[in-house]
S.K.: 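Handing you a structure now.
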Amino acid sequence: MSAVSDRLPTFPWDKLEPYKKTAAAHPDGIVDLSVGTPVDPVPEPIQKALIAAADSPGYPTVWGTPELRDAIIRWVERRLGAREVTHRHVLPIVGSKELVAWLPTQLGLGPGDKVAFPRLAYPTYEVGARLARAGYEAYDDPTELDPTGLKLLWLNSPSNPTGRVLSKEELTRIVAWAREHGVLVLSDECYIELGWEADPVSVLHPDVNGGSHDGIVSVHSLSKRSNLAGYRAAFLAGDPAVLGPLLQIRKHGGMMTSAPTQAAVVAALGDDEHVRVQRERYAARRTALRDALLAHGFRIEHSEASLYLWATRDESCWSTVAHLADRGILVAPGDFYGPAGHHFVRVALTATDDRVRAAVTRLTT
């Protein structure tokens with residue numbers, strides 16, 4: 001066991017515990033803006049679909065029900081502009097984090113192979129490479145990477161933590177470069193329905209991929225758009241030549257989404273209204289927190305999409321974390337996402353309206 005755990009970095013969130021205690025000591029309680037975990041109710045139609053499928057004594061399938069695959073296909077075509085998507089182009093997964101962590105291993109990567117991810121990125125991209133004993137490299141522009149040995153290229157638009165959105169032109173250029181060099185592109189698009197000052201585009205859009213899904217797979221989650229983080233519901237869409245072998249591997253590993261969750265996902269993907277309502281909640285919280293942070297002397301960069309504000313006071317991120325903890329506000333230090341984030345903090349929009357109002361008061365008085 002130690003041989004595996006020794007490959008991994010220290011779990012970053014453990015470092016926040018002293019600051020969490022400080023923030024929790026505030027007379028009016030903590031405002032936790034550190035982890036982007038949903039706090040609003042699961043929409044009622046989704047709950048009803050889950051309950052209706054509760055009597056599911058048999059094993060679910062890894063590939064999911066035909067109804068689930070149909071729902072995914074309809075969604076990627078309706079919301080992302082994808083074309084010519086069949087059941088072979090989709091694959092349910094047990095939340096997106098397990099996929100990110102275990103994909104390099106499932107792809108058979110190992111020593112001598114490389115995984116690349118953005119300079120500022122979700123830490124699990126690196127964890128996945130480490131678990132597979134593969135090499136890894138952070139990039140500013142992936143087309144400037146040495147493609148030798150590069151087997152997996154992670155994109156993340158909208159970005160966690162920065163909220164940056166890659167333009168259609170940037171995505172088209174990156175996909176073309178990756179195909180030229182035989183590099184598999186995995187595009188983490190979990191925040192694609194949460195664009196504020198930009199309109200995020202998927203690698204599944206034909207304007208990006210030229211009408212072909214070869215060498216590209218997109219990752220999607222229902223955690224944020226539908227408040228389903230507790231359901232562990234996500235899926236892949238893209239190249240059948242990648243998803244077919246993954247399906248077989250995941251069958252052997254028993255990596256299956258529960259039957260009630262599959263039914264809930266069908267309901268969630270078929271309803272756009274609850275997404276609109278949730279977007280409005282986040283938009284209001286974003287405006288309130290952004291204005292308060294600016295008034296408090298912060299500068300905000302990118303943040304044109306996703307559920308975070310990427311904010312700085314041009315000081316060590318830990319100094320900023322301590323400063324806000326003294327006011328009962330907990331945020332994530334930017335260096336959790338790479339050394340380039342050492343002057344920034346990530347401020348999540350995932351707090352109740354009441355807690356957001358409390359944060360605004362503390363920042364502006």
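We're numbering straight along the sequence, starting at 1. Owing to the predicted nature of the structure, the values given are computational and were not obtained by experimental measurement.
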S.K.: Which pair of heavy atoms, one from Arg179 and one from Ser212, lies closest together, and at what distance?
M.R.: NH2-O, 2.6 Å

S.K.: Compute whether any side-chain donor of one residue and acceptor of the other, for His89 and Thr86, lie under 3.5 angstrom apart.
M.R.: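 Checked: His89/Thr86 side chains pair up, N/O donor to acceptor below 3.5 Å.
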
S.K.: So Thr257 and Arg232, side-chain hydrogen bond (donor to acceptor under 3.5 Å, both in side chains) or not? Walk me through it.
M.R.: CA-CA 8 Å; Thr257 306; Arg232 309 314 302 136; over 6 Å; no

S.K.: With a 4.0 Å cut-off, would you call Glu189 and Arg79 a salt bridge?
M.R.: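 So Glu189 does not pair with Arg79 through a salt bridge.
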
S.K.: Can you name the residues that form a ring pair (Phe, Tyr, Trp, His ring centres under 6.0 Å) with His87, not counting sequence neighbours?
M.R.: none

S.K.: Keeping Arg327 on the side-chain end and His323 on the backbone end, is there a donor-acceptor pair under 3.5 Å?
M.R.: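 Yes: the side chain of Arg327 pairs with the backbone of His323.
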
S.K.: Holding to side chain to side chain contact (heavy atoms under 4.5 Å, CB included), I want the full list of residues that pass it with Ala263, two or more places apart in sequence or in another chain.
M.R.: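 Scan of Ala263 (side chain to side chain contact (heavy atoms under 4.5 Å, CB included), adjacent residues dropped) gives Ala53.
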
S.K.: Does any part of the side chain of Gln262, heavy atoms only, come nearer than 4.5 Å to the side chain of Glu67, both counted from C-beta?
M.R.: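 Side-chain contact under 4.5 Å: no.
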
S.K.: Can you see which heavy atom on Val31 is nearest to which on Ala358, and at what distance?
M.R.: CG2-CB, 4.0 Å

S.K.: With sequence neighbours excluded, what pairs up with Arg299 under the side-chain hydrogen bond (donor to acceptor under 3.5 Å, both in side chains) test?
M.R.: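 Residues passing side-chain hydrogen bond (donor to acceptor under 3.5 Å, both in side chains) with Arg299: Glu301, Asp314.
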
S.K.: Could you tell me which residues satisfy side-chain hydrogen bond (donor to acceptor under 3.5 Å, both in side chains) with Arg130, sequence neighbours excluded, listed by chain and number?
M.R.: Glu126, Tyr136

S.K.: With a 6.0 Å cut-off (strictly less than), is the heavy-atom count around CH2 of Trp63, excluding the residue itself, greater than 12?
M.R.: yes

S.K.: Report yes or no: do Tyr19 and Leu33 belong to one cluster of Ile/Leu/Val/Met/Phe/Trp/Tyr joined by side chain heavy-atom distances under 4.5 Å?
M.R.: yes

S.K.: Given side chains that start at C-beta, do those of Gln106 and Leu246 come closer than 4.5 Å, heavy atoms only?
M.R.: yes

S.K.: If you count every heavy atom of other residues, nucleotides or ligands that lies below 6.0 Å from Asp55 atom CG, does the total exceed 12?
M.R.: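 Not more than 12 within 6.0 Å, no.
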
S.K.: Start with the C-alpha gap between His220 and Arg225, add the side-chain angles, then the distance that decides, and say whether side-chain hydrogen bond (donor to acceptor under 3.5 Å, both in side chains) holds.
M.R.: CA-CA 10 Å; His220 296 276; Arg225 52 130 24 220; over 6 Å; no

S.K.: Would you call Asp28 and Arg362 a salt bridge, taking side-chain N to carboxylate O under 4.0 Å as the test?
M.R.: yes

S.K.: Tell me if a side-chain donor or acceptor on Arg346 pairs with a main-chain N or O of Ser34 at a distance below 3.5 Å.
M.R.: yes

S.K.: Show me the pairs that pass ring-ring contact (aromatic ring centres under 6.0 Å, His included) and involve residues 337-365, at least two apart or across chains.
M.R.: Trp310-Phe344

S.K.: May I ask whether Trp154 and Leu166 are part of the same hydrophobic cluster, defined by side-chain heavy atoms of I, L, V, M, F, W, Y residues being less than 4.5 angstrom apart, directly or through others?
M.R.: no

S.K.: Name all residues meeting the side-chain hydrogen bond (donor to acceptor under 3.5 Å, both in side chains) criterion together with Ser316; count only those two or more places apart in sequence or in a different chain, and write none if there are none.
M.R.: none

S.K.: If you define the side chain from C-beta out and look only at heavy atoms, does anything of Asp353 sit under 4.5 Å from Arg285?
M.R.: yes

S.K.: Does Arg83 reach the main-chain N or O of Gly81 with its side chain, forming a donor-acceptor pair under 3.5 Å?
M.R.: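 It does hold such a pair.
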
S.K.: Please check this pair: side chain of Glu304 against backbone of Trp196, looking for a donor-acceptor N/O pair closer than 3.5 Å.
M.R.: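 Such a contact is absent between Glu304 side chain and Trp196 backbone.
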
S.K.: Per the side chain to side chain donor-acceptor pair (under 3.5 Å) rule, what does the pair list look like for residues 115-124, sequence neighbours excluded?
M.R.: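 Applying side chain to side chain donor-acceptor pair (under 3.5 Å) to every pair that reaches into residues 115-124, excluding sequence neighbours, yields Arg119-Asp140.
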
S.K.: Please name all residues satisfying ring pair (Phe, Tyr, Trp, His ring centres under 6.0 Å) with Tyr308, sequence neighbours left out, ordered by chain then number.
M.R.: Tyr191

S.K.: What about Leu107 and Leu150, same hydrophobic cluster or not, with Ile/Leu/Val/Met/Phe/Trp/Tyr joined at side-chain heavy-atom distances under 4.5 Å?
M.R.: no

S.K.: Any donor and acceptor pair, going by atom type alone, linking the side chain of Glu180 with main-chain N or O of Ala176 inside 3.5 Å?
M.R.: no

S.K.: Starting from Tyr231 and following side-chain heavy-atom contacts under 4.5 Å between hydrophobic residues (I, L, V, M, F, W, Y), which residues can be reached?
M.R.: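 Cluster partners of Tyr231: Val42, Ile46, Leu50, Leu68, Ile72, Ile73, Trp75, Val76, Leu80, Val85, Val90, Ile192, Leu204, Leu222, Leu228, Phe235, Val265, Val266, Leu269.
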
S.K.: Would Lys97 and Asp188 pass as an ion pair if we require N to O under 4.0 Å?
M.R.: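 Between Asp188 and Lys97 there is no salt bridge, as every charged N stays at least 4.0 Å from the carboxylate O atoms.
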
S.K.: Under a 4.0 Å threshold between the charged nitrogen and the carboxylate oxygen, would Asp113 count as salt-bridged to Arg133?
M.R.: no

S.K.: Say whether Asp141 and Thr143, considering side chains only, have a donor N or O and an acceptor N or O under 3.5 Å apart.
M.R.: yes

S.K.: Spell out, yes or no, whether Val115 and Val242 are grouped together once hydrophobic residues are joined by side-chain heavy atoms under 4.5 Å, including indirect joins.
M.R.: yes

S.K.: Tell me if a side-chain donor or acceptor on Asn227 pairs with a main-chain N or O of Pro38 at a distance below 3.5 Å.
M.R.: no

S.K.: Report the residues that fulfil ring pair (Phe, Tyr, Trp, His ring centres under 6.0 Å) with His181, sequence neighbours left out, ordered by chain and then residue number.
M.R.: Trp177

S.K.: So does Lys48 pair up with Glu44, basic N to acidic O under 4.0 Å?
M.R.: yes

S.K.: Step by step, work out the side chain to side chain contact (heavy atoms under 4.5 Å, CB included) result for Lys168 and Val208.
M.R.: CA-CA 6 Å; Lys168 185 183 294 185; Val208 171; 3.9 Å; yes

S.K.: Using side-chain hydrogen bond (donor to acceptor under 3.5 Å, both in side chains) as the criterion, list what pairs up with Asp326, not counting sequence neighbours.
M.R.: none

S.K.: Kindly work out whether a path of hydrophobic side-chain contacts (I/L/V/M/F/W/Y, heavy atoms less than 4.5 Å apart) joins Leu99 to Leu91.
M.R.: yes

S.K.: Hey, are Ser226 and His274 close enough side-chain-wise for a donor-acceptor pair under 3.5 Å?
M.R.: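 There is such a pair between these side chains.
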
S.K.: Applying ring pair (Phe, Tyr, Trp, His ring centres under 6.0 Å), can you list everything that pairs with Tyr282, at least two apart in sequence or on another chain?
M.R.: none

S.K.: Does this structure show an ion pair linking Glu280 with Arg276, if we count only N-O contacts that are shorter than 4.0 Å?
M.R.: yes

S.K.: Examine the side chains of Arg164 and Asn156 and answer whether a donor and an acceptor come within less than 3.5 Å of each other.
M.R.: no

